[in-house]
**Q** 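If you scroll down you'll find the structure; I have some questions about it.
Computed from a predicted structure; not experimentally measured.
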Amino acid sequence: MSRIGFGTDIHKLVSGRRLVLGGLEIESELGAEGHSDADALTHAITDAILGALGLGDIGTHFPNSDERWRNAESFLFLKYAAGLVQEHGYTIGNVDSVVTLETPVLRPYIDRIRESLANVLAVERVCVNVKAKSNERLDAIGRGEGVKAEAIVLLERAPGRE
């Protein structure tokens, strides 16, 4: 049996914060505002995994009202979700994602982001895809005011757990 989950996340860009995507710090004058490190890509993938498992969303497991998660690395959330995949008898088949950001250009970072995510998810890099898009100067993201990430994940029943 296979399960599919979808996740999305959006953060406002502000000065004085780091821009972290897929666990990698991106050189940028603006960073994402949020309770944790505001890694929109990692949040979207975490939500996709939790959704595929039918276990709610990232806010259910890591509420921003809980001070334990203030400035936390989002990879903690992703590691937790990856552990739930295994605990529930699944493996990650693949992850496909899109990051929409007007600037900076993400192409130079994509391979390292994929590698970073694959390591945390314990899958081969080919199982993790990250696409970077701009919003062609349309809406708040196109004006450089935010970053958005969307992800879909395929979970497959682990061998022997059918």
Side-chain angles (χ1 to χ4, degrees), residues 1-13 19-26 31-66 68-101 106-107 109-135 139-141 146-162:
M1 178 165 97
S2 298
R3 300 193 68 158
I4 297 172
F6 174 75
T8 185
D9 195 43
I10 189 167
H11 286 276
K12 181 178 181 177
L13 293 176
L19 180 60
V20 179
L21 292 167
L24 191 68
E25 187 166 345
I26 308 298
E33 183 176 64
H35 187 70
S36 66
D37 65 5
D39 182 338
L41 178 56
T42 299
H43 292 181
I45 295 169
T46 301
D47 262 352
I49 291 170
L50 293 170
L53 292 171
L55 297 175
D57 62 18
I58 197 168
T60 303
H61 296 266
F62 304 98
N64 62 10
S65 59
D66 189 334
R68 288 182 297 170
W69 311 123
R70 180 168 299 284
N71 296 319
E73 287 186 22
S74 295
F75 264 21
L76 293 172
F77 311 150
L78 188 58
K79 287 176 186 177
Y80 171 80
L84 290 174
V85 169
Q86 190 173 29
E87 184 180 309
H88 284 83
Y90 287 90
T91 60
I92 295 172
N94 74 298
V95 174
D96 191 23
S97 62
V98 178
V99 177
T100 308
L101 177 69
L106 294 182
R107 179 64 247 155
Y109 298 95
I110 296 293
D111 290 338
R112 288 186 290 156
I113 291 171
R114 289 178 65 203
E115 188 70 37
S116 176
L117 291 166
N119 285 339
V120 169
L121 296 171
V123 298
E124 294 183 31
R125 190 175 84 173
V126 70
C127 296
V128 178
N129 194 49
V130 177
K131 299 179 289 274
K133 303 289 181 186
S134 78
N135 242 25
D139 76 20
I141 292 174
V147 57
K148 181 178 182 179
E150 298 171 297
I152 190 165
V153 64
L154 172 67
L155 302 183
E156 300 171 321
R157 195 50 106 169
R161 302 283 299 261
E162 292 84 22

**Q** Among V147, L24, I26, find the residue that satisfies the side chain to side chain contact (heavy atoms under 4.5 Å, CB included) test when tested with L106.
**A**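 The option that passes is I26.
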**Q** Would you mind writing out the side-chain donor-acceptor pairs for residues 36-44 within the sub-3.5 Å range, not counting sequence neighbours?
**A**
from	atom 1	to	atom 2	distance (Å)
S36	OG	A38	N	3.2
S36	OG	H43	NE2	3.2
D37	OD1	D39	N	3.2
D37	OD1	S74	N	3.3
D37	OD1	S74	OG	2.4
D37	OD2	S74	N	3.1
D39	OD1	G22	N	2.9
D39	OD1	L41	N	3.3
D39	OD1	T42	N	3.0
D39	OD1	T42	OG1	3.2
D39	OD2	G22	N	3.1
D39	OD2	G23	N	2.7
D39	OD2	T42	OG1	2.8
H43	ND1	D9	OD2	3.0
H43	ND1	H11	NE2	3.4
H43	NE2	S74	OG	2.7

**Q** Please find the pair of heavy atoms, one from T8 and one from E150, that lie closest to each other, and give the distance.
**A**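 Closest pair (atom of T8, atom of E150, distance): OG1-CG, 3.6 Å.
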**Q** Under a 4.5 Å cut-off applied to non-hydrogen side-chain atoms, are Y90 and E156 in contact?
**A**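 Sidechains of E156 and Y90: no contact.
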**Q** Would you say that L13 contacts L19 through its side chain, given a criterion of any heavy-atom pair below 4.5 Å between the two side chains?
**A**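 Side chain of L13 against side chain of L19, heavy atoms only: contact under 4.5 Å found.
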**Q** Could you walk me through whether L117 and F75 satisfy the side chain to side chain contact (heavy atoms under 4.5 Å, CB included) test, starting with their C-alpha distance in whole Å, then the side-chain angles of each, then the deciding distance to 0.1 Å, before giving a yes or no?
**A** CA-CA 9 Å; L117 291 166; F75 264 21; 3.8 Å; yes
**Q** I need the full list of salt bridge (Lys or Arg N to Asp or Glu O under 4.0 Å) pairs touching residues 116-132, with sequence neighbours left out, sorted by first then second residue.
**A**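 Checked against salt bridge (Lys or Arg N to Asp or Glu O under 4.0 Å) - neighbours excluded - the pairs reaching residues 116-132 are D96-K131.
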**Q** Tell me every residue that passes ring-ring contact (aromatic ring centres under 6.0 Å, His included) with Y80, counting only those two or more places apart in sequence or in another chain.
**A**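 With neighbours one apart ignored, the set is H61, F62.
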**Q** Decide yes or no on side chain to side chain contact (heavy atoms under 4.5 Å, CB included) for H88 and L55, but give the supporting numbers first.
**A** CA-CA 11 Å; H88 284 83; L55 297 175; 3.7 Å; yes
**Q** List the residues meeting side chain to side chain donor-acceptor pair (under 3.5 Å) with S2, not counting sequence neighbours, and say none if there are none.
**A**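 S2 satisfies side chain to side chain donor-acceptor pair (under 3.5 Å) with no residue once adjacent residues are dropped.
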**Q** Measuring from atom CD1 of I141 to atom OG1 of T100, what distance do you get when rounded to the nearest 0.5 angstrom?
**A**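 These two atoms lie 5.5 Å from each other.
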**Q** Check the surroundings of atom CD in E73: do more than 12 heavy atoms from other residues, nucleotides or ligands lie under 6.0 Å from it?
**A**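 No, because the 6.0 Å sphere around CD of E73 holds 12 heavy atoms or fewer from other groups.
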**Q** Evaluate L53 against L155 for side chain to side chain contact (heavy atoms under 4.5 Å, CB included), listing each step before the verdict.
**A** CA-CA 8 Å; L53 292 171; L155 302 183; 3.7 Å; yes
**Q** Hey, what do you get for CD1 (I113) to CD (E115), rounding to the nearest 0.5 Å?
**A**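 Going from the CD1 atom of I113 to the CD atom of E115 covers 12.0 Å.
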**Q** Drop me the distance from I4's CD1 to N94's CG, to the nearest 0.5 angstrom.
**A**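 The CG atom of N94 is 9.0 Å from CD1 of I4, to the nearest 0.5 Å.
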**Q** Without swapping roles, check the side chain of R3 against the backbone of A52 for a donor-acceptor pair under 3.5 Å.
**A**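 Yes, because the side chain of R3 sits within donor-acceptor range (under 3.5 Å) of the backbone of A52.
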**Q** Counting N and O atoms only, with roles assigned by atom type, does the side chain of S97 sit under 3.5 Å from a partner on the main chain of I152, one being a donor and the other an acceptor?
**A**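 A pair under 3.5 Å: no.
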**Q** Mind listing the closest non-hydrogen atom pair of R114 and V126 along with its distance?
**A**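 Scanning both residues completely, I find the closest heavy atoms to be NH2-CA, 3.7 Å.
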**Q** With sequence neighbours left out, what residues match S134 under side chain to side chain donor-acceptor pair (under 3.5 Å)?
**A**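 With sequence neighbours excluded, S134 shows a side chain to side chain donor-acceptor pair (under 3.5 Å) to E136, given in chain and number order.
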**Q** Less than 4.5 Å apart, any side-chain heavy atom of N129 and any of V95?
**A**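 A side-chain contact under 4.5 Å is absent here.
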**Q** Excluding sequence neighbours, so at least two apart, what forms side chain to side chain donor-acceptor pair (under 3.5 Å) with D57?
**A**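 Scan of D57 (side chain to side chain donor-acceptor pair (under 3.5 Å), adjacent residues dropped) gives T60.
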**Q** Between CG of L101 and NZ of K148, what distance do you get to the nearest 0.5 Å?
**A**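 The distance works out to 13.0 Å.
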**Q** Quick one: do I45 and V153 satisfy side chain to side chain contact (heavy atoms under 4.5 Å, CB included)? Show the steps, please.
**A** CA-CA 7 Å; I45 295 169; V153 64; 5.8 Å; no
